[in-house]
Amino acid sequence: MCYGVKARTEMSLRMARSRGDAATAERLRQLLEPPEVFDLHFANAFDHPRLVLFTDTAPREPGLFTWGLVPGWVKGDAQRVELWNRTLNARGETIFDKPAFRAAAKHRRAIVYVEGFYEHFHFGKKAYPHFIRLKDREAFALAALWEEWTDRESNMLWRTFSIVTTEANALMRRIHNKPGSEGPRMPLILAEGEEEQWLAPLHSTHGEAALKALIKPFPEEAMQAWSVKPLLGKEGKGNRAGASDEFDYPELALAGPLAHGG
DNA sequence: CCAGACGTTGTT
DNA sequence: GTCTGG
DNA sequence: CCAGACGTTGTT
DNA sequence: GTCTGG
């Protein structure tokens, strides 16, 4: 789930200014110089982009983290490579139980602002990429977990993260309809009022229960989706401006309406 | 007890 | 580090 | 989507 | 050829 996200430098800077202050935004701008963030970041076994995260330990100090969480108990670099393809996402239902995520779920939560994300709609044996966003918010927060891990051999520090997922709502079930796949998922989208709750220390709230209450599908009526050009391959639009531009596939008219207001 | 896993999703 | 499976 | 397996018995 | 794993 979450084939890719749109998280542009410009939008990250804007969120840094709104959450933090001018100095924080300036530090972030220097971190991102030259701007290296485009319209689409892939999340798959071959691609581990760095994105801007706001963490619980420094909610006003955004940092760059690599997608694919590396737990603290990882023994060496080979194990890191083996594991992090499989920790791009964390199932919200089990983050407090799984050895890979438990510590992060308790003490290292974060949010990442995106303008939307990408999924494939399957119709007539073909896959049609779609862009999904919120109708009335230019950028919104996805719930994440983060870790820091140091490779003892190279002394290299890895700051990594995983995007939390939850059950898909009706819109996401219609889009993310890969035949044979079971239990469709969507990223955990936080409403504006939920962002600080997700970042708050456990002891300051009603503990795990308060966090678990946030782990639920986002209301579908607040979301919209449209089809976009192929993201990969010869005609691929990935990691370039315009990846999220609407592109109409005539044959999809037969599939019926997919999205609200898309 | 020790060895081995530790995880999720999907189409270049 | 901690849990699971053999 | 592509790459690679595609099988069985059985324990130092 | 078809299924599985990545």
Side-chain angles (χ1 to χ4, degrees), chain A residues 1-5 38-49 51 66-108 112 114 117-132 142-152 158 160-169 172-189 215 217 227-240 243 249 251-252 255:
Chain A
M1 124 71 262
C2 226
Y3 179 70
V5 299
F38 304 91
D39 267 20
L40 169 63
H41 287 296
F42 297 111
N44 59 34
F46 318 106
D47 229 309
H48 294 260
L51 297 182
T66 303
W67 202 341
L69 182 142
V70 179
W73 41 257
V74 160
K75 299 288 192 298
D77 203 58
Q79 196 183 12
R80 171 187 66 82
V81 171
E82 242 173 59
L83 200 58
W84 78 341
N85 288 339
R86 294 153 187 173
T87 54
L88 295 163
N89 295 117
R91 294 179 66 90
E93 295 88 333
T94 54
I95 52 173
F96 291 105
D97 310 318
K98 298 282 184 182
F101 299 125
R102 199 166 70 167
K106 286 184 178 168
H107 309 299
R108 287 179 288 279
V112 52
V114 301
F117 54 92
Y118 297 84
E119 296 292 359
H120 283 90
F121 172 66
H122 295 265
F123 183 66
K125 294 185 182 174
K126 285 183 70 179
Y128 299 89
H130 279 64
F131 181 68
I132 299 109
L142 298 184
L145 307 173
W146 65 278
E147 282 283 354
E148 279 185 351
W149 179 80
T150 302
D151 180 357
R152 285 187 215 273
W158 290 90
T160 58
F161 73 97
S162 182
I163 300 226
V164 178
T165 68
T166 186
E167 189 190 338
N169 63 21
M172 291 310 301
R173 284 200 301 273
R174 284 197 296 278
I175 294 174
H176 205 209
N177 64 342
K178 180 185 165 66
S181 75
E182 51 192 63
R185 313 289 297 169
M186 65 183 284
L188 175 49
I189 300 170
I215 302 173
S227 48
V228 299
K229 286 189 176 179
L231 304 173
L232 296 168
K234 241 182 288 179
E235 304 297 316
K237 293 288 291 178
N239 283 358
R240 293 208 296 272
Y249 296 89
E251 65 269 35
L252 281 189

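The chains referred to below are lettered A, B, ... by the order of the sequence lines, with proteins before strands, and numbering in each begins at 1.
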- Considering only heavy atoms from C-beta outward, does the side chain of A:Trp149 approach that of A:Leu69 to under 4.5 Å?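 Sidechains of A:Leu69 and A:Trp149: no contact.
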
- A:Thr87 and A:Phe101, any side-chain heavy atoms less than 4.5 Å apart: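 Contact flag for A:Phe101/A:Thr87 side chains = yes.
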
- Query: Which is the 5'-most and which the 3'-most nucleotide of DNA chain C that has an atom under 4.0 Å from a heavy atom of chain A?
  - Reply: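 Extent of the interface on DNA chain C: C:dG1 to C:dC3.
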
Give the rounded distance in Å between these two atoms: [atom1] of [X] and [atom2] of [N].
X	N	atom1	atom2	result
A:Arg185	B:dT8	CZ	C1'	10 Å
A:Ile95	B:dT8	CD1	C1'	14 Å
A:Leu69	B:dC6	CG	C1'	12 Å
A:Leu83	B:dA5	CG	P	11 Å
A:Leu188	B:dT8	CG	P	14 Å
A:Lys75	B:dA5	NZ	P	12 Å
A:Gln79	B:dC6	CD	C1'	8 Å
A:Leu88	B:dT11	CG	P	13 Å

Would you measure the distance from the [atom1] atom in [N] across to the matching atom in [M] and give it in whole Å?
N	M	atom1	value
E:dT2	D:dT9	C1'	25 Å
B:dT11	D:dC2	P	13 Å
C:dT4	D:dT12	P	31 Å
D:dT8	B:dA5	P	24 Å

- Item | Within 45° cone and under 6.0 Å: A:Arg80 NZ/CZ vs A:Trp158 ring |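 Satisfied, under 6.0 Å and within 45°.
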
- Message: In dot-bracket form, 5' to 3', how is DNA chain D paired? Count Watson-Crick and G-U wobble pairs only if both distances fall under 3.5 Å, and write | where the partner sits on another strand.
- Response: ||||||......

- Message: Using modelled atom types and a 3.5 Å cut-off, is there a donor and acceptor pairing between side-chain atoms of A:Arg173 and backbone atoms of A:Ala168?
- Response: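 Side chain of A:Arg173 to backbone of A:Ala168, a donor-acceptor pair under 3.5 Å: yes, one is there.
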
- Query: So, does A:Thr165 use its side chain to make a donor-acceptor pair with the main chain of A:Arg185 at under 3.5 Å?
  - Reply: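 Not at all, since once roles are kept as given, no pair shorter than 3.5 Å links the two residues.
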
- Checking side-chain contact (heavy atoms from CB on, under 4.5 Å) for the pair A:Glu147/A:Thr160: CA distance, chi angles, key distance, verdict? CA-CA 5 Å; A:Glu147 282 283 354; A:Thr160 58; 4.0 Å; yes

- Task: When you get a sec, tell me which of B:dT11, B:dC6, B:dT8 is the closest nucleotide to the side chain of A:Pro99?
- Result: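 The answer is B:dC6, which lies nearest to the side chain.
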
- Message: For A:Leu51 versus A:Val5, what's the shortest heavy-atom pair and its separation?
- Response: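 Smallest interatomic distance, heavy atoms only, reads CD1-CG2, 3.9 Å.
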
- Taking the six-membered ring for Trp, are A:Tyr249 and A:Tyr128 parallel (under 30°), tilted (30 to 60°) or perpendicular (over 60°)?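 Ring orientation of A:Tyr249 relative to A:Tyr128: perpendicular.
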
- Any idea how A:Phe123 and A:Phe121 line up, ring-wise: parallel (<30°), tilted (30 to 60°), or perpendicular (>60°)?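 Rings of A:Phe123 and A:Phe121: parallel, under 30°.
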
